[in-house]
Each structure stands twice: as structure tokens, then as C-alpha cells.
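Below: one structure, written as C-alpha cells.
Counting begins at 1 with the first residue of the sequence. Ligands are counted one by one from 1 in listed order, and the atoms in each one are counted from 1 as well.
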Amino acid sequence: MKENKGLRLLLIPLPLQGHINPMLQLAQILHSNGFSITIIHTSFNSLNPSNYPHFNFYCIQDGMSQNEYSSSLLNFVIELNTRCVDPFKECLGKLMCDVSKEPIACLISDVMCYFTQDVATNFQLPRIVLRTGGVCSFVAFAAFPFLIEKGYLPIQESKLEEEVTELPPLRVKDLPMINTKEPEKYYELICNFVNKTKASLGVIWNTFEDLESSSLSTLSQQFSIPMFPIGPFHKHFPINNASSSSSLISQDQNCISWLNNHKPKSVVYVSFGSVASITAKEFLEIAWGLVNSNYPFLWVVRPGLILGHEWIELLPNGFIENLEGRGYIVKWAPQLEILAHQAIGSFWTHNGWNSTLESICEGVPMICMPCFTDQLVNARYVSHVWRIGLQLENGMERGKIERTIRKLMEDNIEGNEIRDRALKFKEEAKVCLEQGGSSCSSFEKLVAHILSLKTFTFEAS
Ligand code: UDX
């Protein structure tokens, strides 16, 4: 714990699991470096202050409902950015007048909470953003106006396999789109968060130089603000401090005892994160692909994962019993502990950025099954740039699933090369946080930048 800096930072996460985790980890990192922390959170997916007694919390009433979230992620994010404006203004008004606490150095906002930029400017409050996703996908988001102008977007079914020559190695089908009948709405959302990122005073990234140097330099040429790749966040401290407290669903710890009974690198871990969903047909293909591979598997089936179904009631009678302990299904798992467990041999993931980075940090090779937005770009980078995984493409089919698992788990040239490269990245992810490492140096620059904001003056607008 560094000496108290006498300054307060206001942090505001987007209220979704994949955004809350890295924001709370960032808060911990900054706190242990001497900053006081106030988390501004929404009433939707409201956080539990008792998990973080050393932070202050301020809840703003957004009026969003679980129904609105479930019916359209796109509309949810847009609506949240509209409804939070007034309560956020009121919140800043109160916090900035509070002389009982340390002076506020700046706001650190999730990129997707783009409404915070104009409000912060009105309050003359410096704003830095946290991008919880990778740089590789942000480069594609920033290119949306160009992609539309060139006719890559909206995506035409007949062109899915074509290369986007300006963004190698992406193909049209790897562009970070979402399934929507209102693509213009989606483009507007992307433009908003990219433009409000450009208007900020810097971007913090949960990534590291050795992994994304080329994307970082591409973006630095387009954005005239400082970039701080200081990740992997969760590796700044021991695993137990990084994971469970920001989980919105309780994590089933029993699977760790189950894993303890398995040989090193023998288990396939399967999880598709907190938002993605699959059809009933896909669910059954996955189940049989896993069974037929003959490898033990630990599978997170989140309630709500399977469209139109509660949980795993679709599985044939006796399915679990017939596995005789070879398969273990949970509703939500302690993912960081699992990926770090010696029994894990591969991770079948949707490639949300957190899952991707967490897997990289443990040297676990991936089976990629992206669903939407940044996951599509992440999966392409995992399989074709970093080459630490295999992508399952063109539909779920049990035979293909079985072959892919075997290729990644068995002793064969391609599988061995993938595993070797994954171990190399694991080492790089460790070294970057050591004294003199790239993320460590970048963090020192971030602290200096925050301290320099005291003298920042806003241009008259
Ligand atoms: C969302 C988007 O889907 C993703 O594309 C974007 O990059 C971030 O926001 P999500 O789908 O939840 O995220 O995936 P991911 O980014 O992988 O984050 C999931 C988090 O939940 C990870 O930190 C993971 O460790 C944690 N998790 C996941 C658990 O703690 N237990 C589980 O069982 C599964």
C-alpha cells in the first residue's frame, strides 16, 4: 500500500459483469497506490458496498429494468446513457461540493458510459476512460465510418468470407457487429462512444504491450490522447482478491474440489460469459460434442444461456449420471481460480475480452466461439494473430466440436504449437507487471498523468 495521495477518484462502471469486474479491479489497483475511491454505480445491477469497505459508493437511480436488459442489449445501453444524465449531474453536484472528503482529481468512466463526457465537462471535471475490451476490437470500432463508406457495413451475407483488406486479418464476418434490425442505431452508439473517447483525457486499457503493440500504435496515430495499457488488471494482486467480490451471481466453489481429482491439463472448461445466449439445438450439439470427445469437462450453463429454457432441463434423462463424474455443470463458477488450476487443458469460450485475457494469463489455449461485437474480433486474433486457439466456425455440430477439442487437447503438431505459444504469452503477461515491465511503467505514467490533472484547465466552450 503506497502513501495516501490526498486525492479522490470517481469511477463509474457500465453495470454489466464483463465491465464491472475490470472497473473494480482498477479501483483496487488505484486504491493500493494511495488514491481514495468513490464508485458511482447504477441501481440496475447495483453493487454491494460491504464487499469493498475501503471504497465509498454512490448509487444513481437509472430506472432500468431486467426486462429492458433481456429484450435488447443495444437499446439497454442507449437508454442507460440517456436516463443516467440527470441523476449523474445531481450526483456530481453533491460529490464535488463535499468538502469533508479529499479533492477529486478526475472521473474514470467506462467508455460505454459516454454520457459522462458532457456532464464532466460542464462540471470542469477531467475525464479519463477505461476501455474494458481489447485494443484490437477498438481499432475496428473506430473504423466504422470508413467501413460504412467502403460498403463493408452493413454486412452482406454474400460477402461474409471476404477479407477486410484495411483491417487484416479480419474478414467481413469478423467485424464487431450485433444481431439487430436497427443497424443505424448500433452505428450511432459506436460513433458516440468512440467520439467521447477521443474527447477524454486518456484511455486506460486492460491489456499489455507485448500482446497488442500493433493495435496500440494504430490507435495512437488516430487518437491524440495518452494510452495506458496497464493490464492484466487481475494479476496486480492475488487471485482471491480479484474475483469473487464483484461477481453478480454467486460462484459455485464445489467445482474446485471436482477439479482437484483430475490429472493436469486433462479438463475442458466451457463458459460463454454473462451475456451471450445459444439455441436449444446448439446446446445439445455442445453437450454431445463434449461427451463424445471423451475428455472431462467443466461447463458453466448460466440460467438464461439457452434461449427459451430455464437451465439444463433439455438434457436427456440420465445424461449427467451416465457421465460417471466425467462432466460437471455449474450455474456460475470462480473462473479465475479455474483457469489457474493445473487440471485445465483448454477453455471453450465466447471470447469476451475478460475471458480471453484471463485465459492468456494462465497459458490456457482456447476454442473460440464468438457470439457478437468485440468477441468476433477477439476470436480472430486468438486464432490467427496470436495463434493460441482454434475457432469453431459455421455452426455447432457435435462431430466438429469433438474433432476440435481433440486437436487442442491431444499430442499433435498443431496442438503442441498452440500450447507452446500460449505458454509464451503467459510468461509475457507476468513479466509486463514486474518492475520495469511495460504495464508497470505505463501505470507509473498513468499515476503521473492523474496527478498532473490538478493543473488542467478547460478551454472555454
Ligand atoms: C461482455 C461482452 O460480452 C464482452 O464481449 C465484452 O468484452 C465484455 O463485456 P461477458 O460476456 O460477460 O462480457 O464476458 P467476459 O468479458 O469474458 O467477462 C465475464 C467475466 O465474468 C470474466 O471476468 C469471468 O472471469 C467472469 N465469470 C465468467 C465468472 O466469474 N464466472 C463464470 O462462470 C463465468
Ignoring hydrogens and angles, write down the donor-acceptor pairs under 3.5 Å from the side chains of residues 201-211, residues two or more places apart or on other chains.
from: N206; atom 1: OD1; to: F233; atom 2: N; distance (Å): 2.9
from: T207; atom 1: OG1; to: E212; atom 2: OE2; distance (Å): 2.7

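- With Q335, Q375, E358, H234 as candidates, the residue nearest to atom 34 (C) of ligand 1 on a non-hydrogen basis is Q335.
- Here the shortest heavy-atom distance to atom 19 (C) of ligand 1, taken over P22, C371, G352, S355, belongs to S355.
- Of the candidates I20, N354, T132, the one placing a heavy atom closest to atom 16 (O) of ligand 1 is N354.
- Heavy-atom distances between L16 and ligand 1 stay at or above 4.0 Å for every pair.
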For side-chain contact (heavy atoms from CB on, under 4.5 Å), just list the numbers for Q28 and H234, CA-CA rounded to whole Å, side-chain angles, deciding distance to a tenth of an Å, and then say yes or no. CA-CA 10 Å; Q28 304 255 54; H234 68 287; over 6 Å; no
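- The closest approach between S271 and ligand 1 falls below 4.0 Å for a heavy atom of the residue.
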Set out, in order, the CA-CA distance, both residues' side-chain angles and the distance that settles salt bridge (Lys or Arg N to Asp or Glu O under 4.0 Å) for K173 and E162, then state yes or no. CA-CA 8 Å; K173 67 180 184 185; E162 283 182 18; over 6 Å; no
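- The nearest heavy-atom contact from the protein to atom 33 (O) of ligand 1 is A333 N, 2.8 Å.
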Apply side-chain hydrogen bond (donor to acceptor under 3.5 Å, both in side chains) to the pair N48 and S50, showing each step before the final yes or no. CA-CA 5 Å; N48 182 358; S50 65; 2.8 Å; yes
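- Ligand 1 has at least one atom lying under 4.0 Å from a heavy atom of V300.
- Given atom 5 (O) of ligand 1, the protein heavy atom at minimum distance is D374 OD1, 2.5 Å.
- The closest approach between a heavy atom of N21 and any atom of ligand 1 is below 4.0 Å.
- For ligand 1, the polar-atom distance check finds an N/O of H350 within less than 3.5 Å of one of the ligand's N/O atoms.
- At a heavy-atom distance under 4.0 Å, only side-chain atoms of Q251, from C-beta outward, approach ligand 1.
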Given R171 and E163, is the salt bridge (Lys or Arg N to Asp or Glu O under 4.0 Å) satisfied, shown in steps? CA-CA 4 Å; R171 300 157 300 179; E163 307 260 320; over 6 Å; no
So E79 and T82, side-chain hydrogen bond (donor to acceptor under 3.5 Å, both in side chains) or not? Walk me through it. CA-CA 5 Å; E79 200 49 41; T82 308; 5.0 Å; no
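- Salt bridge annotation for R83-E68: present, with a cationic side-chain nitrogen under 4.0 angstrom from a carboxylate oxygen.
- Exactly one residue among I12, T197, L11 makes a side chain to side chain contact (heavy atoms under 4.5 Å, CB included) with S109. That residue is I12.
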